[in-house]
Amino acid sequence: MICAMSFAHSSKTRNMGLLPAAAALFSINEETDAAVIAVQIRKGGISANMEKTMEKTMEIKYLKNLAKLYPNVAAACTEIINLQSILNLPKGTEHFMTDIHGEYEQFFHVLKNGSGSVKKKIDEEFGNTLSSRDKRGLATLIYYPELKVDMVEKTEENLEDWYKITLHRLIQVCKRIASKYTRSKVRKMLPKDFAYVIEELITEKEELLDKEAYYNSIISTIIRIGSAKEFIIAISNLIQRLAVDHIHIVGDIFDRGPGPHIIMDKLMTYKNVDIQWGNHDVVWMGAAAGHKACIANVIRIAARYGNLDMLEEGYGINLMPLANFAVDTYGEDKCECFKINYDAGQYNTKDIEWDRRIQKAIAIIMFKLEGQIIKNRPEFAMEERLLLDKMDLEKGTVMVDGREYPLEDRNFPTIDPKDPYALTEEEEEVMERLQSAFTKCEKLQKHVRFLFSNGSLYKVFNSNLLYHGCVPLNEDGSFKKVEFFGKTYSGKALYDILEVYARKGYYSVNKDERKKGQDMLWYIWINGNSPVFGKDKMTTFERYFIKDPATHVEKKNPYYYHVDDEKVVDQILEEFGLDAETSHIINGHIPVKVGKGETPVKCGGKLLIIDGGFSKAYQKVTGIAGYTLLYNSYGLLLVAHDPFVSVEEAVRSEKDIHSQNMVVERTYLRRRVADTDAGKELQERIEELEKLLEAYRAGIITEKV
C-alpha cells in the first residue's frame, strides 16, 4: 500500500470530494503553486483558496502514485471488490500471552494448540461423528506431528489405512480453519514443498462426483510414494499457523526459564506478531546495547535461576573471565546468601558452588555499577538505593531507611569503604570483556532488533490497550507526574518519552544521547516510576544480605489498588484514545494468585490481567501455569492452563494443558474484518480507490492499458 503523501491520513483530505468541476484546479503549475504557498506561509498564513489549491494538488499527486499500482478502471474496480469482500470475512483470532520467562516448552505447546483454538475447530468439524479419544489423538497429531507419527508407525498394524483416514481428517480440519481467510492469504502461508497439493485438496469440493476420484488419487499417491509423514507434518504446521491470525506477547520473554533464545527464534518465524516490552525484556535490550549495569543484571538473574548455560550455549557469551574472577576472589567463600533457584530436572547441582560464586561476583559488580548511575543521574531520584556506602564492614551492619541491620554476609574483598562504588581493575577488565561479548553477539543483536522493530512499551489494537505493567498513578487514582531531564510527563506521554529514550539507547549515533538512552533502559527496568516495573523499589540488596523480611517488601504502585475502579480504568482508556465503553486493557506482569481466590478479570471485564505463572518459579504461588487470552469473532475468552510436564508426556497421554475457559465477553453479532483496525485501513483504501476511479472517469488521470 502506498502512503506517499501525508494527506492520505488527514481526515480533512480523506473527506474531500473529487468532482469533475474541480478538474481545472489541477492545471496549475505545481512549481509555481509551491513557490506561492511558500511566500504566503512566510507572510504568516495562506488564503482559504490557496489552502484548497494545495490540498487538491497534494491529492492529485497521491492519486497519480496510486495509479501506478492500479493503472486503469478495471484494475481499480477489481481491487475495490476484493477489499470489500475481505471486510465481510470474520475477524481473525488474536492470541495474547505474557510473562513467558523462558519456559519454551510450555510456550510452544500453548502456541501450537492456540489456547484451545485447534481443539475447538476439530469439535466444530466432526461434532459427534468422532469419539473424544479420536479427537484427542487428532489434536495431538496436529501439535506434534513428527513425534506422533513416529509413535504410530511403531504400533499401528495397518499403517496405510491409518494414513488414509488421518489425511482425510487433517484436510477437513484445514478446510474449516482456512475458510475465514482469503485464498490469497492462505496461499502465502502454504508450506513450499506441498503448496500446490494442499491448495488443491483444501479448495476442491470432495463431494462432487467428477472430483472425487481426482481427490482420492492425490491422497493415495501421497501414501504410495512414501510422502505421507512429511505431508502430515506440513499440513499440521499449516493448521497451527491458520488457527491464530495475530500473536500478542504482552511482555517478559526473558529471564528465569532456560530458553528465551529458543522462544525468540520461534517468534521470528511468525508474520503477525507484536511484543509489549516487559521489564525483563528491557534489561536484555539494555545489555545488548552494551550497558554494563544491564549486563550485570542479566548475568546475575541467569546465575540465580541456574541458567548460565543459556548465556554460554544459547548466545555464545564467554563467561570464563567472570568465572575465573569469581573463583579467584571468592574461592573459599561458600556464598550461602546466593542461593540458586533451580529446576531439579534441568540443573546440574555439581555446578552449584561455582554458580553461587559467579552470582556473588556479578551481584557486587552490579551494585557498584548501579550506584555509579544513581550518583551520575540525580534526576532519577534513587539516592535511597545507595546502600554500599551505608555498610559498616567492621561492625557487619548496614543502614537502610534509617535503621541498622546485621549483614548476613560480611565478606566483601572488592569493596573499598573509602570508595565503595569503584570497580577494581579486575572487575573493570571482566566487564569490558562481557560488554564486548554482548555487543558482538550476532544472535542476541538479531533478537533485540526484532524486539525493537516488532515491539513497544504499549500498543492500541482493535479497541484493546496492551501493556506489561501499569500506568503510574497517585494514591487518589490520578496520573503520577514524573520528571527527568527538566521536563514532566504522565500517562501516555510518560510511556511515549520512555520509548523514545529506549530506542536512542540502542540506535543513536550521538554518543551522549546513546548513553542517556542506555541509562534510561536501566531506569525502565528498575525505577519506581517505570510503567513496566510498577513497584517503589527493587530490594535485591536486602534480599541477599538482610534477614528481616520487612526490608524485602516492594510496594506496588497505587494502580494495582485501582484496577476495579471504573472511573480510573475509564480514565486510562481515554488517555490512550479509546472508547471506555467498548474497550479493554490487557495487562501482564503481576501473577494472579488463583489459589488465594484472585481473578484475572477486573473492573467488570474492562481490565484483564493474564499473567498467571508460565514461570515454574511462580507456579507454587499462583496455583496454575498461566493465563492466555483469545479474541476471536465471537468475543473474548480467557484460558487457564495446568502445568506442562513434557512434550513426551503430552504426546503419550494425548492430554492438553488448558484446564478451563472463561468467557469474558460474548458478541451475538459476529465481528468482521470491517470491525477491526485493519478493516478501517482497508475502508480508507477503498475510499482512495473510489476517488481514483472518479479521477479516471473525469479525465483527470489517464488510464494505462
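Just the heavy atoms: all of them, side chains too, but no hydrogens, waters or symmetry mates, feed the values below.
The main-chain N or O of M189 is never found under 3.5 Å from a side-chain atom of R241 such that the two would form a donor-acceptor pair. Listed for the N587 side chain is a donor-acceptor partner under 3.5 Å among the backbone atoms of G469. N158 contributes a side-chain N or O that, together with a main-chain N or O of D161, makes up a donor-acceptor pair within less than 3.5 Å. Looking at K229, its side chain never comes within 3.5 Å of a backbone N or O of P145 through a donor-acceptor pair. Checking side-chain atoms of S227 against main-chain N and O of E230 turns up no donor-acceptor pair under 3.5 Å. Listed for the N237 side chain is a donor-acceptor partner under 3.5 Å among the backbone atoms of I233. The backbone N or O of R304 lies less than 3.5 Å from no partner atom in the side chain of N341, so there is not a single donor-acceptor pair. Side chain of S217 to main chain of Y214: no donor-acceptor pair is present (N/O by atom type, distance under 3.5 Å, no hydrogens or angles). With hydrogens and angles disregarded, no donor-acceptor distance shorter than 3.5 Å links the side chain of N297 to the backbone of V283. In this structure, the side chain of Q359 engages the main chain of F338 through a donor-acceptor pair within 3.5 Å.
Evaluated for a side chain to side chain contact (heavy atoms under 4.5 Å, CB included) with P600, the options L638, I610, L607 yield exactly one hit, L638.
Contact of the I249 side chain with the Q276 side chain is not registered, since no non-hydrogen atoms from C-beta on lie closer than 4.5 Å. Looking at Y270 and L111, their side chains come closer than 4.5 Å, going by heavy atoms from C-beta outward. The shortest distance between side-chain heavy atoms of L637 and L629 does not fall below 4.5 Å. The shortest distance between side-chain heavy atoms of Y196 and L190 does not fall below 4.5 Å. You'll find the side chain of R300 stays beyond 4.5 Å of the side chain of I358, heavy atoms only. Here the side chains of Y467 and I585 are in contact, with some heavy-atom distance below 4.5 Å. V250 is not listed as a side-chain neighbour of K459, based on a closest heavy-atom distance of 4.5 Å or more.
Checked against a 6.0 Å centroid threshold, the rings of Y458 and H468 do not count as neighbours. You'll find the ring centres of H101 and H280 inside the 6.0 Å limit. Taking the centre of each ring, W277 and F452 come in below the 6.0 Å mark. Between H109 and Y143, the ring centre distance stays below 6.0 Å. Ring centers of Y315 and W284: under 6.0 Å apart, within the cut-off. The aromatic ring centroids of Y631 and F96 lie 6.0 Å or more from each other.
Using a cutoff of 4.0 Å between basic side-chain nitrogens and carboxylate oxygens, K185 and D245 are scored as salt-bridged. Checked for salt-bridge contact, D675 and K91 miss the test: no charged N lies under 4.0 Å from a carboxylate O. Under 4.0 Å is where a charged nitrogen must lie from a carboxylate oxygen, and between K446 and E442 no such pair does. Looking at K121 and E125, no side-chain N of the basic residue comes within less than 4.0 Å of a carboxylate O on the acidic one, giving no salt bridge.
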Quiz prompt | From CA spacing to verdict: ring pair (Phe, Tyr, Trp, His ring centres under 6.0 Å), Y627, H641 | solution = CA-CA 6 Å; Y627 278 103; H641 298 275; 8.2 Å; no

Self-check item: Step-by-step side chain to side chain contact (heavy atoms under 4.5 Å, CB included) determination, I253 to M264
Solution: CA-CA 8 Å; I253 295 166; M264 288 300 300; 3.7 Å; yes

Exercise. Under the ring pair (Phe, Tyr, Trp, His ring centres under 6.0 Å) rule, what do F461 and H246 come out as? Steps first, then yes or no, please.
Key: CA-CA 11 Å; F461 193 88; H246 197 112; 4.6 Å; yes

Quiz item: Under the side chain to side chain contact (heavy atoms under 4.5 Å, CB included) criterion, do D150 and K148 qualify, and how do the steps go?
Solution: CA-CA 5 Å; D150 286 344; K148 187 64 177 177; over 6 Å; no

Quiz item: Passes side chain to side chain contact (heavy atoms under 4.5 Å, CB included), Q445 versus Y506? Steps please.
Solution: CA-CA 10 Å; Q445 296 303 322; Y506 189 79; 2.5 Å; yes

Quiz item: Given the rule in the side chain to side chain contact (heavy atoms under 4.5 Å, CB included) test, do F194 and I235 qualify, once you have shown the distances and angles that lead to the verdict?
Solution: CA-CA 9 Å; F194 294 100; I235 197 167; over 6 Å; no

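A donor-acceptor contact closer than 3.5 angstrom is absent between the side chains of S633 and R671. With 3.5 Å as the limit, one finds no donor-acceptor pair spanning the side chains of H584 and S463.
Rounding to the nearest 0.5 Å gives a distance of 6.5 Å between CD of E94 and CG of N464.
For F126, there are no ring-ring contact (aromatic ring centres under 6.0 Å, His included) partners two or more places apart in sequence or in a different chain.
For I225, the CD1 atom counts as densely surrounded, since its 6.0 Å shell holds more than 12 non-hydrogen atoms of other residues, nucleotides or ligands.
Pairs passing the salt bridge (Lys or Arg N to Asp or Glu O under 4.0 Å) check and including a residue from residues 261-288, sequence neighbours excluded, read D265-K443.
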